[in-house]
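So that the names make sense, note that chain A is the first sequence line, chain B the second, and so on, each numbered from 1.
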Protein chains: 2
Amino acid sequence: MVVATLKQVAAHAEVSVQTVSNALNAPHRLRPDTLARVNASIELLNYRPNRNARSLRTSAVELIGYCVPSWPNQTHLVMDQFLHALCAAAERTGRHILLFTAPPGVEGMPVYDDLHARRLVDGFVLSQTETRDPRHGWLKEKKIPFVSFGRVWKESTQPGAWVDVDGAAGSALAVRHLYETGRRRIAFLSWPKTSGLAEDRLDGWRSTCAELGLPTAGLAVRCREDTFAEGARATAHLLDSPEPPDGIVALSDILALGALRELTRRNLTPGRDLGVTGFDDSPLADVAAPGLTTLRQPMDEIATHLITTLTTQSHAAHLLHPTLVVRGSTAPG
Amino acid sequence: MVVATLKQVAAHAEVSVQTVSNALNAPHRLRPDTLARVNASIELLNYRPNRNARSLRTSAVELIGYCVPSWPNQTHLVMDQFLHALCAAAERTGRHILLFTAPPGVEGMPVYDDLHARRLVDGFVLSQTETRDPRHGWLKEKKIPFVSFGRVWKESTQPGAWVDVDGAAGSALAVRHLYETGRRRIAFLSWPKTSGLAEDRLDGWRSTCAELGLPTAGLAVRCREDTFAEGARATAHLLDSPEPPDGIVALSDILALGALRELTRRNLTPGRDLGVTGFDDSPLADVAAPGLTTLRQPMDEIATHLITTLTTQSHAAHLLHPTLVVRGSTAPG
DNA sequence: GCGAAGGGTTTTAACGTTCAAAAGGCCTGG
DNA sequence: CCAGGCCTTTTGAACGTTAAAACCCTTCGC
């Protein structure tokens, strides 16, 4: 069956084309009986507005671009959660997500420009934000709408709107939870200093420990990369120290699982002998045994804020809070 | 800067609008000097064709729909790889991927229909195919173009085109690799019988063992779910049997990692004492220690076939072969 | 020298929708 | 009975592009 057009619906309902258009976009303008008649015809002919014609006329495509990241060495285990949430949020406003690939950083900007100039998308959601991300200024200068998932760190004035999750608050939650389950020496597994994300989460651990009067000296370990082996190595290092910790807050689920593995290897029981927490609530946290206590990013909230910020063109900043998902790895000690 | 239109380029190059259009879509029709003049104007005015106008006229949007899956209990660790490959393949033909959400199974079909009827997409890539997937027949009846990632199992005549990876061939590769590294009792960690995927991979293990004269009796274990704990439990069960295996082919990387964990717990060294392989080459395989030997899905090839099959509307079937990625977990025993 | 053929370019007419403005209908009040 | 105003509906044009036909000019064959 070929799709019906406005014209055909109009002919069937014996009104003008514009009236049918109004029935869809401004029903209050129609007399109730006309509206009913038109709607009946719409229903009967199974009419669906042609999005291309609409976009051509209104010059708004209701499509949001998202560059699908390809990390050579970093794993992104929660990308499916993020995309699902982003899609759902977009659909709640009648929009959709258009995926594309582009070189990382500022080299990719011509691709963004092209997509926007050719009217494939109205704007962009950026992720994988880096310190002083050059993409922000570029897009702003070209007047291309965008919103960033992730703060542009260390900048007092942001060139654009952003949404982010408070990593420090996340660490604070983890530390307090470990404290409440009886731990008093809480270590932190981190990454190299180059990552703004890592510093944020590390700061939260440090300040919360200070507030609770807990020691931090010698309890922060930097892992070289995000692997099980590095998490295990760092944990081994901590456990072999004169004063081993009784709790570990890890910067990622992967490091945390590495920690769990090291505990198991030493015949220590995670949760009982030592509390361990991860970050991001990746699928791994659930399939691990014991389940990994971790900090869940509020994906739906993030996505909703991203979409509304982008579509209302507001220059807002949203700092959201992660929530603690408690599983076996922090069973009361 | 407001984007230029064909009209403006035409005025600038002192030709008609259609000539500019031809310069882009059928340059051979123009006299070389005209073409050069038009191209110069295009360049100068930074002209980009408006996709909406084009689509309206040609009724082809060059967008492919993909329903972003949300598995309640199954993890999909290679989705980012898949999406990246799919995007890249689409872009190679000037197309893009449009993401959307829909209820699983046949309940979601009205969403597909709507997207197609409103001309947001030309067709769909389906994934998460199930046994006798009802979506295929539904789409075929509505004449909505689609291609499926995953066979509709056990059907002799498929209602549509598909691309899939030969799981049996994958298992065969794993078994032979373990055989060549000296293992002679090779077990298989599987899932419940309900999964066509699992049966395919299991069959490959069984037949290859038969070919090599290896035993299979008592060496296939079904895991209840895809978790580390189940993988570990099954492995423990195997190791405790009177004749323990010296190799394990697991249906998934997660089960394989569960197996590795159980080995470590028993102070066995994966790779030296027992060879273990996984499936799918998820990021975990690389971050595990030792690295997990696993079967990589040829994502780029899959994506390329999906896109070309969909866009050429051919009724083709492509069965692709996984490749073995050897890491430490099968170091020669 | 004239019709045919053909390459190159322009003209005309859509594609399906919405915007702006005009037209029509109906009621109210004088 | 008509002017004025409000509410509903129609008309005309436009969004930017491409397909098809028409047109012009040159070249070719006889």
Side-chain angles (χ1 to χ4, degrees), chain A residues 1-39 41-42 45-63 94 114-122, chain B residues 1-39 41-42 45-63 94 114-122:
Chain A
M1 169 179 48
V2 169
V3 277
T5 72
L6 269 192
K7 211 180 199 173
Q8 291 164 20
V9 176
H12 185 268
E14 296 180 319
V15 290
S16 74
V17 184
Q18 182 62 37
T19 301
V20 183
S21 174
N22 284 337
L24 292 164
N25 301 315
H28 61 274
R29 287 194 196 156
L30 302 206
R31 235 178 20 224
D33 59 325
T34 323
L35 182 57
R37 201 166 80 250
V38 172
N39 278 337
S41 297
I42 287 176
L45 299 181
N46 190 32
Y47 168 74
R48 318 283 181 78
N50 180 312
R51 182 67 146 270
N52 292 119
R54 180 180 223 281
S55 294
L56 175 59
R57 187 62 243 245
T58 63
S59 60
V61 284
E62 321 271 73
L63 248 45
D114 200 54
L115 287 169
H116 182 254
R118 297 164 75 165
R119 312 269 52 217
L120 269 89
V121 302
D122 293 326
Chain B
M1 166 177 48
V2 168
V3 277
T5 70
L6 270 191
K7 212 180 199 171
Q8 291 164 17
V9 176
H12 185 268
E14 297 180 318
V15 290
S16 75
V17 185
Q18 182 64 34
T19 301
V20 184
S21 174
N22 284 337
L24 293 165
N25 302 315
H28 61 274
R29 288 195 197 155
L30 302 205
R31 234 178 25 221
D33 60 326
T34 322
L35 181 58
R37 201 166 79 248
V38 172
N39 279 337
S41 297
I42 287 176
L45 299 181
N46 191 31
Y47 168 76
R48 319 282 181 80
N50 181 314
R51 183 66 147 269
N52 292 117
R54 180 180 222 282
S55 294
L56 175 60
R57 187 61 242 247
T58 64
S59 59
V61 284
E62 322 271 72
L63 249 44
D114 200 55
L115 287 169
H116 183 253
R118 296 165 73 172
R119 313 269 50 215
L120 269 90
V121 301
D122 292 326

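Checking D:dT10, C:dG16, D:dT17 against every side-chain atom of A:V15, the shortest atom distance belongs to D:dT10. Among the nucleotides D:dC15, D:dT18, C:dT17, the one closest to the side chain of B:S21 is D:dT18. Between C:dA20, D:dT9, C:dT9, one nucleotide has an atom nearer to the side chain of B:L30 than all others, and that is C:dT9.
For B:L24 and D:dG16, the CG to P distance is 16 Å, given to the nearest whole Å. Whole-Å rounding puts the A:R54 CZ to D:dG16 C1' distance at 18 Å. Between B:D33 atom CG and C:dT9 atom C1' there is a gap of 12 Å when expressed in whole angstrom units. What separates CD of A:Q18 from P of C:dG24 is a distance of 17 Å, to the nearest Å. Atom-to-atom, CG of A:N52 to P of D:dT17 comes out at 14 Å; the value is rounded to the nearest Å. Distance, A:N50 CG to C:dC15 P: 11 Å, rounded to whole Å. Per the geometry, CG belonging to A:N22 stands 18 Å off P belonging to C:dA23, to the nearest Å. Here C:dC15 presents its P atom at 15 Å from CZ of B:R119, a figure rounded to the nearest Å.
A:T58 OG1 to A:R51 CZ: the interatomic distance, rounded to the nearest 0.5 Å, is 9.0 Å. Going from atom CZ of A:R54 over to atom OG of A:S21 covers 8.0 Å, rounded to the nearest 0.5 Å.
Between A:Y47 and A:T5, the shortest heavy-atom contact is CE1-C, 3.6 Å. Taking every heavy atom of both residues into account, A:R29 and A:N22 meet most closely at NH1-OD1, 3.5 Å.
As judged by a 4.0 angstrom heavy-atom cut-off over every strand, B:T19 is placed among the base-contacting residues. Nucleic acid contact class of A:S59 (heavy atoms, under 4.0 Å, all strands): none.
Residues B:V15 and B:L30 form no side-chain contact, since every pair of their non-hydrogen atoms from C-beta on lies 4.5 Å or further apart.
Using a 4.0 Å cut-off, no side-chain N or O of A:T58 falls inside it from OP1 or OP2 of C:dC19.
For A:R57 against C:dT17, no side-chain N or O and base N or O form a donor-acceptor pair under 3.5 Å.
If you find the closest nucleotide of DNA chain C to A:V20 and to B:H28, the one lying nearer the 5' end belongs to B:H28. Along DNA chain D, the nucleotide nearest B:L56 and the nucleotide nearest A:S16 are compared for position; the residue whose nucleotide lies closer to the 5' end is A:S16. Comparing A:R31 and A:V17 against DNA chain C, the residue whose closest nucleotide sits nearer the 5' end is A:V17.
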